[in-house]
Amino acid sequence: VVVIGPAAATRAGITQILAGTNSLRGSTEFAAALQNVNTDASMWMVLSDASSLVGTASASIAPYTSQKLGTVYASLDVTDALSFDAGVHLASPAAVATALATIQSKMEMLDPHGTLRAYFDQLDVFADGSDLIFSVAIAGDQLVPLGMAVATQSALTVSASGSITDSDD
C-alpha cells in the first residue's frame, strides 16, 4: 500500500487508509478504470483525476498541450518477461485521436525503420474510446540486445517538447 496526500502526513492518516474506512467500491470512476487494469500483475495502480500526482503531471505538460489528464491506470508484471500496460482518460475520443497521432509520429521519428520495435513482443499505443492506452512487453532474453541497440542509437536526444536531434550534428 502506498499512501500519498494529506493522509500520508500522520500515522493516524495511514492507519485510517489501511483500515479501509474510505471505500472506493462506490466510485464509478474507480470501478470503470479498474476494469482496464491487470490486478493480477506484480504491481498496479489507479489514480483519480483529482490526485495531486495527476494534477502535477497535467501542469508539467501544459506548455506542450491543452490536454488535461483524467484518471490514470497502470500495471507492471514481472515474470520471465516484463509487461507494462497503462492508460489515461482524456476529455474525448477526439482528444485521444490527436494525442495518438502525435505519439505515433514521434515514435516513427525515433525509430523510422522499426529496428528497436523488433526487440519487443509488444509495443503499442492505441485508443479505446476516451482512453489512450500504452502497452509494452519484452521477454527477459531480449533486454540485453535491446540495451545494446539503444546504446548504438545514443547519439539521438529527445527534448521535453518531443523534438528529436542528433547530437552528432
Side-chain angles (χ1 to χ4, degrees), residues 2 4 29 32-49 51-169:
V2 176
I4 300 171
E29 179 183 310
L34 196 58
Q35 294 298 313
N36 298 314
V37 176
N38 177 5
T39 57
D40 292 327
S42 304
M43 182 177 78
W44 60 271
M45 68 170 196
V46 175
L47 297 171
S48 162
D49 61 343
S51 162
S52 61
L53 289 174
V54 174
T56 299
S58 283
S60 71
I61 65 170
Y64 312 106
T65 180
S66 61
Q67 302 263 8
K68 297 285 186 207
L69 303 178
T71 300
V72 176
Y73 49 90
S75 64
L76 174 67
D77 204 14
V78 181
T79 58
D80 59 338
L82 295 174
S83 63
F84 177 74
D85 296 293
V88 60
H89 187 79
L90 299 178
S92 67
V96 172
T98 299
L100 181 60
T102 301
I103 291 167
Q104 288 175 333
S105 170
K106 299 296 181 183
M107 287 174 67
E108 182 62 29
M109 287 171 49
L110 278 171
D111 188 24
H113 304 293
T115 306
L116 293 177
R117 290 182 200 124
Y119 292 96
F120 293 89
D121 295 325
Q122 183 170 357
L123 181 60
D124 294 321
V125 181
F126 58 94
D128 183 7
S130 293
D131 287 2
L132 181 63
I133 310 292
F134 303 87
S135 187
V136 179
I138 186 168
D141 60 355
Q142 293 171 299
L143 290 172
V144 171
L146 174 63
M148 293 173 67
V150 169
T152 62
Q153 292 192 3
S154 64
L156 294 178
T157 306
V158 180
S159 73
S161 67
S163 63
I164 301 169
T165 58
D166 187 337
S167 60
D168 291 336
D169 290 345

Side chain to side chain, [X] and [Y], heavy atoms closer than 4.5 Å:
{"X": "Asp131", "Y": "Tyr73", "answer": "yes"}
{"X": "Ile133", "Y": "Val125", "answer": "no"}
{"X": "Leu100", "Y": "Leu132", "answer": "yes"}
{"X": "Leu76", "Y": "Trp44", "answer": "no"}
{"X": "Ile61", "Y": "Leu69", "answer": "yes"}
{"X": "Val78", "Y": "Phe84", "answer": "no"}
{"X": "Leu123", "Y": "Met107", "answer": "yes"}

Is there a donor in the side chain of Asp77 and an acceptor in the side chain of Ser42, or the other way round, less than 3.5 Å apart?
yes
Decide side-chain contact (heavy atoms from CB on, under 4.5 Å) for Asp85 and Asn38; before the verdict, give the C-alpha distance in whole Å, the side-chain angles of both, and the deciding distance to 0.1 Å.
CA-CA 8 Å; Asp85 296 293; Asn38 177 5; 5.6 Å; no
Which atom pair, heavy atoms only, marks the closest approach of [X] to [Y]?
{"X": "Ala139", "Y": "Ala81", "result": "CA-CB, 3.8 Å"}
{"X": "Gln67", "Y": "Leu90", "result": "OE1-CD1, 3.7 Å"}
{"X": "Val46", "Y": "Ala33", "result": "CG1-CB, 3.8 Å"}

To the nearest 0.5 Å, tell me how far [X] [atom1] sits from [Y] [atom2].
{"X": "Ile103", "Y": "Glu108", "atom1": "CD1", "atom2": "CD", "answer": "14.5 Å"}
{"X": "Arg117", "Y": "Asp111", "atom1": "CZ", "atom2": "CG", "answer": "5.0 Å"}
{"X": "Ser83", "Y": "Ile138", "atom1": "OG", "atom2": "CD1", "answer": "11.5 Å"}

Any donor-acceptor pair under 3.5 Å linking the side chain of [X] with the backbone of [Y]?
{"X": "Asp124", "Y": "Ser135", "value": "no"}
{"X": "Gln122", "Y": "Ala137", "value": "no"}
{"X": "Ser58", "Y": "Gly55", "value": "no"}
{"X": "Ser66", "Y": "Ala62", "value": "no"}
{"X": "Thr56", "Y": "Ser52", "value": "yes"}

Where do Met45 and Val37 land on the side-chain contact (heavy atoms from CB on, under 4.5 Å) test, with the steps shown first?
CA-CA 8 Å; Met45 68 170 196; Val37 176; over 6 Å; no
